Amino acid sequence: MCPMFERQEATPREFGRCTGDVPNPDGAPGHFLAVDHGAQVLDWRPDGAGDPVLFTSTRAEYRPGKAIRGGIPVCFPWFGPGRSGRKRPAHGFARLSEWQLAGAREQDGVTTLDWHFDEALIPELDHVDPRRNNFTVDYRQVFGRDLELHVSVRNTDTRGPLVFELALHTYFRVGDVRRIEVHGLSGADYFDQVSGEERTQIGPIQFDGEVDRVYAFGDTAVIADPVLGRRITLDQSSANRTIVWNPGPDKAAAMSDLDFDEWPQFVCVESGNVRHAAIHLQPGESHELSVRIGVEEFA
Ligand SMILES: O=P(O)(O)OC[C@H]1O[C@H](O)[C@H](O)[C@@H](O)[C@@H]1O
């Protein structure tokens, strides 16, 4: 099935993991790692010799019922505390559930993993209402020179509509968040989750302290990183919101699964349909969200 699929006891691999090499004609082979806990991608390096594209905390916890800090968590069926502001667990139960690896193949140096999740796989969790809709989520991850992610949610319940939020909460590794810029969102309106204000972005996004914003934006965003000397491009399809987050030093200090000096090493640029852009599906309908991540060294 998978190039290598194992279930190990030791941290951080107590979950089933799928790992493999991405052949790279230009140099050292690339690498990826995904685990069945949340179907979470934890590592992807198109060039094995280069810096990781994704950030994973050195203090990330790998245990049932806990979200892994880093990589690409899937937020579903709600984002943060949900539209009511009261939902728990934060960001929904998908990132706390063991997904099924439905298929894995490698062709021409590109590895494709297919993950499956439905209501029968939700673990028993405090706060989660046991009366739930039926749904399926099929999630394809394609590891090559670019990383492609496609999430498809279907309402398989004949009883009524399925209303949900969905986001791919990508943690990007950066040299120093205080020196990066995120381009492409100038002119986009956003909700500032720190101040509670509606605002409009002027120019590139820069980071000076905590940033937590939900942008009404779903096109291409580019992270320009002068420290690591690279540009990361995030192409989004069917995302109506882009969430940009870094906790800054004060919030980070209160996070037990992040080392105190790690907050400048990442930025989250998250693709989704959240808040007012939540998705409504009638029985039998489906929704697909896709992103493509590419990396380019500065000349
Ligand atoms: O700590 P977590 O539940 O993983 O959430 C981490 C962050 O996720 C998103 O970016 C939200 O916009 C933030 O408000 C939240 O703090």
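In each ligand, atom 1 is the first atom listed, and ligand 1 is the first ligand listed. The structure displayed is predicted, hence computed values, not measured ones. Quick note: numbers below take in every heavy atom, side chains included, and nothing from hydrogens, waters or symmetry partners.
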Reported CD1-to-CG distance for the pair Ile293 and Leu168, which is rounded to 0.5 angstrom: 8.0 Å
What is the distance from atom CG of Leu147 to atom CG of Leu54, rounded to the nearest 0.5 Å? 7.0 Å
Once side-chain contact (heavy atoms from CB on, under 4.5 Å) is applied, do any residues pair with Thr158, and if so which ones, sequence neighbours excluded?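 Not a single residue meets the side-chain contact (heavy atoms from CB on, under 4.5 Å) criterion with Thr158.
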Side-chain donor-acceptor pairs under 3.5 Å in residues 207-215, sequence neighbours left out?
from	atom 1	to	atom 2	distance (Å)
Glu210	OE2	Lys251	NZ	2.7
Asp212	OD1	Gln193	NE2	3.1
Arg213	NH1	Gln201	OE1	3.3
Arg213	NH1	Tyr215	OH	3.0
Tyr215	OH	Gln201	OE1	2.6

Set of residues that line ligand 1, where lining means a heavy atom lies under 4.0 Å from it: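 Those residues closer than 4.0 Å to ligand 1 by some heavy atom are Arg69, Phe79, Ala90, His91, Arg95, His169, Gln193, Asp212, Ile243, Trp245, Glu270.
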Mind checking side-chain hydrogen bond (donor to acceptor under 3.5 Å, both in side chains) for His116 and listing every partner two or more places apart, or none if nothing turns up?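 side-chain hydrogen bond (donor to acceptor under 3.5 Å, both in side chains) check on His116 returns Asp118, Asp138.
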Do Glu285 and His287 meet the criterion of a side-chain donor-acceptor pair at a distance under 3.5 Å? no
